[in-house]
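Working notes, structure below.
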Amino acid sequence: MEEVIYGGGQMGLTITEKKEKGKRPEDSELHFGTIFTDHMFSMDYTPEKGWHNPRIEPFKNLDLSPATMMLHYGQAVFEGLKAYKSEKGDIRLFRPDKNFERLNKSSRGMCIPEIDTEFVMDCLKTLIKLEKDWIPESFGTSLYIRPTIISTDAFLGVKASDTYRFFIILSPVGAYYASGFSPVKIHVSKSHVRAVRGGVGEYKTPGNYAASLYASEKAKKEGYAQVLWLDGVELKYIEEVGAMNIFFYINDELITPELNGSILPGITRDTVLELSKKWGIKTSERKISIDEVMAAHKDGSLKEVFGSGTAAVISPVGEIKYGDSIMKISSGEIGPMALKFHDEITGIQYGKIDDTENWIVPVTE
Ligand SMILES: Cc1ncc(COP(=O)(O)O)c(C=O)c1O
């Protein structure tokens, strides 16, 4: 493989460019997280040097000792955000500062050294510019961005690692709702929890996702797309749905569980809350129990339920199964509230609607 090396530059960022570039598939052939662009960003941490050796180089496998701490004890954090291309062709990030703030918050919780968010943002923009031909163009498609930090000491004792690797990889992804924006069926887990109070649920760390697999696979076998997670103490209060935050529209109140330490503070959740306040919708961040939802369904005041997250933006819920009870929501149709948030947020992301809140960070040449 022939490579052109240039760089150094103001940021001390070294760029090693691949000469023979890969080819992005047609937008209609894109799925989620299966193919990766030509290059990745990396830097390393040691106690002596801090974060150092920032570099963009061809995407490649990691060369790690089988004793690498990350592989045994999961001391790692990650993020998920997207770059969108507008109809005019400009490249746009949506609230990326929030992702890097959350990455540092997760790092603090996992005893990982924080990164300089402004520096990393500049490196990310440089990487995206280099990979601009990998960004798909049709509405709903995007370039998924996965910043990750892993512990790299080759050591089998349980402690915080001394050394780390930070990397960012990019993956062109298809439209989440390729076959139409449609409601999902969800299953309330009565036996498994995703996270516990005082644990690491509010951090984006691999263990939370490993802990979710058993109940998720079980729900899928029973024909349900996602698990509705209850709290880990009483199995009573609603926390999240799959890897999304959750909203309930009951009477005229839009309710989402308050951030209690075991819920991931979603950026889409925050965006929905900001918009609902702006639109004058009565909004509450509070405890909401599964019994309250059942009662609201029974008396007809439960109007809508939807999940929020970067992947789907808004995911309407059409059915909830709890024990032997099945609740049909909005007659299995998409509710007007879910649709309004979906259209507004995606409209801003793809440049169809004015960004009055300054949520867009452009990636300019
Ligand atoms: C567990 C979990 N909850 C909620 C979310 C939604 O967060 P965001 O809106 O920042 O994508 C995610 C996705 O990042 C997640 O993994």
Side-chain angles (χ1 to χ4, degrees), residues 73-78 102 105-112 158 160 184-222 224-250 253-270 272-273 283-299 301-302 304-309 315 317 319-327 329:
Y73 308 120
Q75 190 199 6
V77 292
F78 64 98
R102 188 170 66 187
K105 189 176 164 218
S106 299
S107 288
R108 286 195 293 277
M110 300 302 294
C111 303
I112 292 173
V158 179
V184 292
K185 287 161 67 172
I186 61 175
H187 190 288
V188 185
S189 179
K190 281 183 134 187
S191 51
H192 290 78
V193 296
R194 189 193 81 93
V196 293
R197 214 90 23 95
V200 294
E202 64 181 333
Y203 309 131
K204 215 163 158 65
T205 189
N208 290 328
Y209 299 82
S212 75
L213 296 177
Y214 188 90
S216 305
E217 292 300 312
K218 194 161 161 259
K220 268 186 218 152
K221 279 194 197 118
E222 290 172 26
Y224 290 85
Q226 309 273 0
V227 173
L228 183 70
W229 301 105
L230 300 180
D231 77 276
V233 181
E234 294 171 86
L235 281 166
K236 184 171 169 190
Y237 296 101
I238 292 163
E239 300 231 312
E240 303 201 44
V241 58
M244 287 184 288
N245 296 111
I246 189 156
F247 286 83
F248 297 88
Y249 192 40
I250 299 179
E253 185 188 12
L254 186 63
I255 307 157
T256 192
E258 66 192 357
L259 299 177
N260 60 358
S262 49
I263 292 174
L264 191 87
I267 293 153
T268 321
R269 173 188 183 277
D270 186 71
V272 169
L273 290 172
T283 318
S284 310
E285 290 178 73
R286 65 166 173 85
K287 280 186 172 179
I288 176 162
S289 67
I290 186 70
D291 293 341
E292 179 180 346
V293 173
M294 298 262 290
H297 179 258
K298 207 167 170 198
D299 70 19
S301 57
L302 176 65
E304 287 186 46
V305 181
F306 57 88
S308 71
S315 181
V317 173
E319 182 180 317
I320 301 179
K321 182 165 192 284
Y322 179 53
D324 294 331
S325 315
I326 290 184
M327 293 178 256
I329 299 148

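Because only heavy atoms are used, hydrogens play no part in the values below, and waters and symmetry mates are left out as well, while side chains stay in.
The distance from the CG atom of L213 to the NZ atom of K220 is 8.0 Å, given to the nearest 0.5 Å. How far CD of E222 is from CD of E217: 12.0 Å, rounded to the nearest 0.5 Å.
Contact of the E239 side chain with the N260 side chain is registered, since non-hydrogen atoms from C-beta on lie closer than 4.5 Å. When side chains are defined from C-beta on, I255 counts as touching E292, because their heavy atoms get closer than 4.5 Å. Within the 4.5 Å cutoff, the side chain of Y203 has no heavy atoms near those of the R108 side chain. Using a 4.5 Å heavy-atom threshold, the side chains of L230 and K236 count as separate. Proximity of S262 to V196: side-chain heavy atoms (C-beta onward) are nowhere separated by under 4.5 Å.
Q226 pairs by the side-chain contact (heavy atoms from CB on, under 4.5 Å) definition with Y176, I186, V241, M244, not counting sequence neighbours.
Here the closest heavy-atom approach between residue V77 and residue S107 is recorded as CG2-OG, 3.5 Å. Of all heavy-atom pairs spanning A219 and V227, the tightest one is CB-CG2, 3.8 Å. Here the closest non-hydrogen pair linking S212 and W229 is CB-CZ2, 3.5 Å. The minimum heavy-atom distance linking F247 with S308 is given by the pair CE1-OG, 3.6 Å. For the residue pair S189 and L235, the shortest heavy atom distance occurs at O-CD2, 4.2 Å. Residue L302 comes nearest to V305 through the heavy atom pair CD1-CG2, 3.9 Å, listed as atom of the first residue, atom of the second, then distance.
A donor-acceptor pair under 3.5 Å is formed between the side chain of S106 and the backbone N or O of K204. Side chain of Q75 to main chain of C111: a donor-acceptor pair is present (N/O by atom type, distance under 3.5 Å, no hydrogens or angles). Checked by atom type and distance alone, the side chain of N208 pairs as donor or acceptor with a backbone atom of V200 at under 3.5 Å. A donor-acceptor distance shorter than 3.5 angstrom exists from the side chain of T205 to the backbone of A76, with no hydrogens or angles considered. Listed for the N245 side chain is no donor-acceptor partner under 3.5 Å among the backbone atoms of P265.
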| query | Between S301 and D299, does a side-chain hydrogen bond (donor to acceptor under 3.5 Å, both in side chains) hold up when you go through it step by step? | reply | CA-CA 6 Å; S301 57; D299 70 19; 2.6 Å; yes
| task | Before giving the answer on salt bridge (charged side-chain N to carboxylate O under 4.0 Å, His left out), spell out for R269 and E285 the whole-Å C-alpha distance, their side-chain angles and the decisive distance to 0.1 Å. | result | CA-CA 11 Å; R269 173 188 183 277; E285 290 178 73; 2.9 Å; yes
| Hey, mind stepping through R194 and E240 against salt bridge (charged side-chain N to carboxylate O under 4.0 Å, His left out) and telling me if it holds? | CA-CA 9 Å; R194 189 193 81 93; E240 303 201 44; 3.0 Å; yes
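Few gaps surround OH on Y209; more than 12 heavy atoms of other groups in view lie less than 6.0 Å from it.
Ring pair Y224/H187 is perpendicular by interplanar angle, where above 60° counts as perpendicular and below 30° as parallel.
Under the 4.0 Å criterion applied to side-chain N and carboxylate O atoms, K287 and E234 are not assigned as salt-bridge partners. Looking at K105 and E202, a side-chain N of the basic residue comes within less than 4.0 Å of a carboxylate O on the acidic one, giving a salt bridge.
Here the options are I263, I238, L273, the test is side-chain contact (heavy atoms from CB on, under 4.5 Å), and the partner is T256; only L273 passes.
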